[in-house]
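Nothing fancy with the numbering, it's 1 onward along the sequence.
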Amino acid sequence: QGGDLELDAAGTPTFANALTVLNDATEQVKEKSCYALEAFCENLGEDIVPFLQPLVTRLMEMLRGSSRKTQEMSISALASVAMAAQDKFIPYFEPLYSLIRVLLHTTAESDLSLRARAMEWLGLANLAVGRAVCEPVIAECTACALAGLELEDAEQLREYTYGFFAQLADLIKAEIAPVLPTLVPRMLKSLENEDIIAGMGDEGGGGLKAIAAALSRAPAGGEDGDPADADESGDESGDEENGGHSLSIRTALLDEKASAANAIGECAKHAGAAYAPYVEKSLEALLNAAEYFHEDVRGSVARSLAQLLVPCKEAEGVAPWTKGEMSSVSSLPPGTRRLLEQVLPVLMHTFESDDDKDVVASASESLADVATLLGPAGISAVAPSLAQTALSLLSQRHPCMLEEEEYEAGLEEEEDHDAGLWEAVSELLISLPRVLGDQWLLHFTKLVPTLLPYLGAEHPSSDRALAIGVLAESLHQLEAC
């Protein structure tokens, strides 16, 4: 079909075909081609380098003279191209910034979606080319980003602007501090916004949470979750049979809320001690959203909760930990200890019982971060529960797996396991012996019988590689083996 990328002998799209469809005269074909190119570039890496010049040139031409929707998609494609090319994108950064910077200042409502995509490109391109290259534009784009957060009815712009600040924090680390007094209250306001669901005929909002939870189980967009079939308004609607309530879920606000939660964690992680004054209010907002009805928000919250520990640790000067030391949470400084005692139970509950794989993966990653950050004192108390939950995941008996096809006892070897979840759990299982040392041995011995079947030839090579990594690193770290 028009806009689809031709596959080569290895089953991957060819860039010759990509350039051909990008030159198509039909706006819909160009738009879908940009969407396909964006997805393709995500895992391409340096293989894109020989095609950089013609790709960037064509995408710039489309940005100058296409429909607004095609312009949006061309900017997103340029962001993916930049991330794939990394420092090889440096020659294109300045001319592209000169072209895109005008969008950073637009306040016309019809152009705010373009401004949002420009913020997306800027954050990712800055990371790709490095601070030395983008330093001259940081002040201008930061000022534009803060100004954009004050615009009314600009949910998508706020969503992408929070993404920009998350990437800026990664780029400039603690130097993000001067922005925090303005940025943090804005992020908290977005995270705490309860105006996600609009109801007609509802008095006082009774039962809305339960209805919203039910609605969230349906895929966003049209049939098969195709974003092209979604309602252009960005809202999802439904009726409640009893009482005749008409509900509208404002998905743009959902995306803004999830992006704000993620940016809070990234700013805390990279700003370090400079974020300490904002930890208490950030914690309150994140905890209030920890069981939010939508999985994107829960996942962002799970990732950010652990990152709040970074500024506390740095502000209180937590001593370096030693592998396998016998220490408990009581050995931590008071501020870090109190924060851990609020964060850890929430992460464990999410890891053990959430019914969404991506959210469970986020909790798993955060628990690995807690272990690496605070050592045995931070994680030893929950080691038995971590092992038990890991066992349920490896056995495919976790709540996030029970809503799929009925499982048989043991492994369903033909099933394509969720790569993101498996990688996150593997990272946790690698982190725990590195931190706990021989304290992890008892739990490791219980996991081995469930890990070994993943080494079989009937499993995907990625599964086997991850299982080998877990077993090898565990045996290396467990001196008593």
Side-chain angles (χ1 to χ4, degrees), residues 63 71-72 74-76 78-80 82-83 89 93-94 96-193 252-271 274-275 278 282 285 300 304 307:
L63 182 57
Q71 288 176 319
E72 291 177 24
S74 66
I75 296 174
S76 290
L78 283 166
S80 293
M83 288 304 292
F89 194 76
F93 180 82
E94 185 175 349
L96 266 169
Y97 182 77
S98 298
L99 179 62
I100 288 176
R101 70 186 294 267
V102 65
L103 298 176
L104 303 178
H105 298 272
T106 185
T107 57
E109 184 176 354
S110 60
D111 290 332
L112 290 183
S113 58
L114 278 171
R115 181 170 176 172
R117 296 292 183 176
M119 293 306 307
E120 175 191 29
W121 174 83
L122 189 55
L124 293 172
N126 283 348
L127 285 178
V129 301
R131 184 168 182 178
V133 175
C134 68
E135 183 75 43
V137 309
I138 288 178
E140 179 185 22
C141 61
T142 300
C144 290
L146 289 174
L149 292 178
E150 302 305 317
L151 297 176
E152 298 293 333
D153 299 321
E155 294 91 350
Q156 185 187 31
L157 177 59
R158 287 193 290 272
E159 174 197 350
Y160 285 105
T161 299
Y162 292 144
F164 164 79
F165 279 115
Q167 291 142 5
L168 181 65
D170 189 6
L171 184 70
I172 67 175
K173 309 302 181 188
E175 293 180 46
I176 194 76
V179 176
L180 297 179
T182 303
L183 175 61
V184 174
R186 183 68 252 188
M187 293 190 296
L188 294 177
K189 182 179 179 180
S190 293
L191 180 56
E192 294 168 344
N193 187 359
L253 284 174
L254 275 177
D255 294 337
E256 176 190 338
K257 184 184 286 282
S259 183
N262 181 71
I264 287 170
E266 290 298 310
C267 287
K269 174 183 176 181
H270 296 294
Y275 198 89
Y278 310 98
S282 298
S300 292
S304 291
Q307 293 169 334

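Residues passing the salt bridge (Lys or Arg N to Asp or Glu O under 4.0 Å) test with K189: none are found, sequence neighbours excluded. By the salt bridge (Lys or Arg N to Asp or Glu O under 4.0 Å) test, E159 pairs with no residue at all, sequence neighbours left out. Among residues two or more places apart in sequence or in another chain, the salt bridge (Lys or Arg N to Asp or Glu O under 4.0 Å) test is passed with R158 by E256.
Note: S304 OG to M187 CE = 9.0 Å, rounded to the nearest 0.5 Å. For the atom pair I75 CD1 and M119 CE, the distance stands at 11.5 Å (nearest 0.5 Å).
Side-chain contact between E150 and R186: present, with at least one pair of heavy atoms (C-beta onward) separated by less than 4.5 Å. Residues L103 and D111 fail the side-chain proximity criterion, which asks for heavy atoms closer than 4.5 Å. Taking 4.5 Å as the limit, some side-chain heavy atom of I138 sits within range of a side-chain heavy atom of L168. Counting heavy atoms from C-beta on, the side chains of L149 and L183 come closer than 4.5 Å. When side chains are defined from C-beta on, Q71 does not count as touching R117, because their heavy atoms never get closer than 4.5 Å. Considering only heavy atoms from C-beta on, L188 comes within 4.5 Å of I264 through its side chain. No side-chain heavy atom of P185 sits under 4.5 Å from any side-chain heavy atom of Y278. Side-chain contact between H270 and I176 is absent, with no heavy atoms from C-beta onward closer than 4.5 Å.
In terms of heavy-atom proximity, A177 sits nearest to P181 at O-CD, 3.4 Å. Nearest heavy-atom pair, A79 versus L124, reported as atom, atom and distance to 0.1 Å: CB-CD1, 3.8 Å. Between Q307 and A268, the shortest heavy-atom contact is O-CB, 3.8 Å. When all heavy atoms are compared, the tightest approach of N193 to K257 is O-NZ, 2.7 Å. Of all non-hydrogen atoms in C134 and N126, the two that sit nearest each other are CB-OD1, 3.2 Å. Heavy-atom minimum distance, R115 versus T106: NH1-O, 2.7 Å.
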Check step by step if side chain to side chain donor-acceptor pair (under 3.5 Å) holds for E72 and S113. CA-CA 7 Å; E72 291 177 24; S113 58; 2.6 Å; yes
Does the pair L122 and I100 meet the rule for a side-chain contact (heavy atoms from CB on, under 4.5 Å), with working shown? CA-CA 9 Å; L122 189 55; I100 288 176; over 6 Å; no
From CA spacing to verdict: side-chain contact (heavy atoms from CB on, under 4.5 Å), E155, D255: CA-CA 8 Å; E155 294 91 350; D255 294 337; over 6 Å; no
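For residues 130-156, no pair satisfies ring-ring contact (aromatic ring centres under 6.0 Å, His included), with sequence neighbours left out. Residue pairs meeting the ring-ring contact (aromatic ring centres under 6.0 Å, His included) criterion with at least one member in residues 116-165, sequence neighbours excluded: F93-W121. The stretch residues 132-146 participates, sequence neighbours left out, in these side chain to side chain donor-acceptor pair (under 3.5 Å) pairs: Y97-E140, R101-E140, H105-E140, R131-E135.
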